[in-house]
There are 2 protein chains.
Amino acid sequence: MNDDDRGAGRAVRPRRADARRNEKALLDAAAAVFVTSGVDAPVRDIAAKAGVGTATIYRHFPTRADLIIAVYRHQVEACAEAGPALLAAGETPYAALGRWIDLFVDFLVTKHGLAAVLRSDSGGFETLHAYFLDRLVPVCAELLDAAAAAGEIRSDIEAIELMRGVGNLCIGADSDPRYDARRLAGILIAGLRLPR
Amino acid sequence: MNDDDRGAGRAVRPRRADARRNEKALLDAAAAVFVTSGVDAPVRDIAAKAGVGTATIYRHFPTRADLIIAVYRHQVEACAEAGPALLAAGETPYAALGRWIDLFVDFLVTKHGLAAVLRSDSGGFETLHAYFLDRLVPVCAELLDAAAAAGEIRSDIEAIELMRGVGNLCIGADSDPRYDARRLAGILIAGLRLPR
DNA sequence: TTGCTAAACGGGACGTTGTTCCGTATCGTC
DNA sequence: GACGATACGGAACAACGTCCCGTTTAGCAA
């Protein structure tokens, strides 16, 4: 995959060299700021860190969602690819599902506030919502189907439903060490089990 | 209980008649605006609807949390009192727990955005957080203990943990009819079950 | 190398929201 | 009726997202 394209498929390669430089600088700056101030960090902060004007952010990333997607795209891809790998690893499908959910949870909780904006249906984050779901729901569905086919879990649960639930469970998991999102997600998954 | 006192115990009866009138007007206006615009509605909107200045809101309710608490206090009380009642109703403790969680979920999802602000540990909502938890966690703990004592569920789950999880599951449940928070909460509770 | 044009830039302007301050109006009492 | 404390209103301030416009610069052609 080419590092220059971005967004969910509709990639447009920036033509001028300075534009590409700035896009790279913005991605690096955003990644750094997201770590310290969360994904809700003020646009001005990111622009300042990248050494560009605020308008330049909007020129490259029309919405904050586009920027977030670009920053975390690689990690989302890795998570998506882990699904089939876990399924092929020899464990039971239910165990694979559990491990994959753990990966997903870990990804979300390590990004301050990402889970919170992920859930929001409004405020211009539809793109983010759509990207995450488009990429990960099929993977989750595959795991779910396999576990259901093996008779390990009930079969009346949709992947999208489960993912939204898990995503919600991750909200606020950072900033509160007493709250263990992974444990709760595990309980949720356990709730899918069929009684033998 | 006197309708004039408000907040979590430290009630101070407004001395002047106009102050009390304004407080009532604010509560009514806030309740109305919360329904249409959610609990994040602009302060100015609420003030305008009540026919008062913005400062008057802050004078009566120093933080938004105080206002929210005052508006929903009766419903929270009802939810809290439902716990022991369900437990005494003759069903198994696990069934009572499930019903109570349903009540809690229904309360949260019918208030636009309430679940979202409930979870936030920062931004001046500590008061709201504390009130809800102080009032409802003991009730949940009672149900949990009863079910655990009956051998129906595992005993290593804290009430606060479960409530935060359920609260999170309710986030964004309004504004998306495909997302069924009650169902997911049910699955979460099912995940607590012991295998007979 | 030099000059031109479209692309890209910067930062200031605007609208929205939360919050505070201060001069004014009102209530309750003497 | 007058007075002091209480409460009020709205303007003022700050932070933020977003947009606009005058200026700069990259890339290309002569």
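Bear in mind that the values here come from a model prediction, so they are computed numbers and not experimental data. Letters A, B, ... are given to chains in the order of the sequence lines, protein chains preceding strands, and every chain is numbered from 1.
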Q.
So if I take every side-chain heavy atom of A:A55 and compare against D:dC19, C:dT20, C:dC27, which nucleotide ends up nearest?
A. D:dC19
Q. Atom CG of A:L26 and atom P of C:dG10: how far apart are they, to the nearest Å?
A. 9 Å
Q. Under 6.0 Å from the six-membered ring centre of B:Y94 and within 45° of its axis: does the NZ or CZ of B:R193 meet both?
A. yes
Q: Establish whether the base of C:dG12 is bridged to the side chain of A:T54 by a donor-acceptor pair shorter than 3.5 Å.
A: yes
(Q) Just the rounded figure in Å: distance from C1' of C:dT19 to CD1 of B:I46. (A) 14 Å
Q. Just how far, in rounded Å, is C1' of C:dT16 from CG of B:D45?
A. 11 Å
Q. Is the count of non-hydrogen atoms from other residues, nucleotides or ligands lying under 6.0 Å from B:R99 atom CZ greater than 12?
A. no
Q) Per the atom types in the model, does the base of C:dA8 pair as donor or acceptor with the side chain of A:R16 at under 3.5 Å? A) no
Q.
How many whole angstroms separate atom CZ of A:R44 from atom C1' of D:dT18?
A. 9 Å
Q.
Students often get this wrong, so: under 4.0 angstrom with heavy atoms, is A:R64 touching a base, only sugar-phosphate, or nothing?
A. sugar-phosphate
Q: Tell me, yes or no, whether the heavy-atom count around A:E158 atom CD, taken from other residues, nucleotides or ligands under 6.0 Å, exceeds 12.
A: no
Q.
Does D:dG9 have its OP1 or OP2 closer than 4.0 Å to a side-chain nitrogen or oxygen of B:T56?
A. yes
(Q) What is the distance, to the nearest angstrom, from the OH atom on A:Y58 to the P atom on C:dG11? (A) 16 Å
**Q.** Any A:R59 side-chain N or O less than 4.0 Å from OP1/OP2 of C:dC9
**A.** yes
Q. Are OP1 or OP2 of D:dC8 and a side-chain N or O of B:N22 less than 4.0 angstrom apart?
A. yes
Q.
Whether B:H60 contacts D:dC8 is assessed here as follows: a side-chain N or O lying under 4.0 Å from the phosphate OP1 or OP2. Is that the case?
A. yes
Q: Please state how far atom CG in B:D40 lies from atom P in C:dT16, giving the value in whole angstrom units.
A: 18 Å
Q.
Rounding to an integer number of Å, can you tell me how far B:D18 CG sits from D:dC8 P?
A. 5 Å
(Q) Rounding to an integer number of Å, can you tell me how far B:I68 CD1 sits from C:dG18 C1'? (A) 14 Å
Q: Please check if atom CD in A:E91 has more than 12 non-hydrogen atoms from other residues, nucleotides or ligands closer than 6.0 Å.
A: yes
Q) Under 4.5 Å between any side-chain heavy atoms of A:R183 and B:D156, yes or no? A) yes
